[in-house]
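Computed from a predicted structure; not experimentally measured.
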Amino acid sequence: MKKLFVAVALVMGVGTTVAFAADNQTTTASVAVAVNDFVPVEVDDLPQAVKDTLAKDYADYMVKEAAVEANEDGTQTYKVTLTAQDDTEQTVLLSENGEVLK
């Protein structure tokens, strides 16, 4: 009878320990800043230096879409998708001063 009483006491003790442990859990949330994510922009909103580079170096292409990325150092990178007359696409990365990036 003693063994039965001890077994019941152990089960009850473990059960309450698990119940209280579940109440003491903490959750942590992290917030991400939108750095290094490309955000769509209108072609008219591209800097003049970027427009000049596109007009000079990619005159045979039409601009399909453009996006901008805020870099950690405060600069901006522009991703421009171009379409040729034969419907092939090319994506070009440019700095805010119109320099083509590799």
After noting the C-alpha distance and the side-chain angles of Thr53 and Tyr78, does the key distance pass the side-chain contact (heavy atoms from CB on, under 4.5 Å) rule? CA-CA 12 Å; Thr53 299; Tyr78 293 88; over 6 Å; no
Hey, what do you get for CG (Leu94) to OG1 (Thr77), rounding to the nearest 0.5 Å? 9.0 Å
Sequence neighbours excluded, the answer for side-chain hydrogen bond (donor to acceptor under 3.5 Å, both in side chains) partners of Glu89 is Lys64
All side-chain hydrogen bond (donor to acceptor under 3.5 Å, both in side chains) counterparts of Thr75, not counting sequence neighbours: Asn71, Asp73
Please tell me whether Met62 and Leu82 are part of a single hydrophobic cluster in this structure, the criterion being side-chain heavy atoms less than 4.5 Å apart. no
Could you check if a side-chain atom of Leu54 sits within less than 4.5 angstrom of a side-chain atom of Leu46, using non-hydrogen atoms only? yes
Could you please spell out the steps behind the side-chain contact (heavy atoms from CB on, under 4.5 Å) verdict for Gln85 and Asp60? CA-CA 8 Å; Gln85 291 180 355; Asp60 295 336; 5.8 Å; no
Side chain to side chain donor-acceptor pair (under 3.5 Å) partners of residues 41-51, not counting sequence neighbours, each pair once: Gln48-Asp52
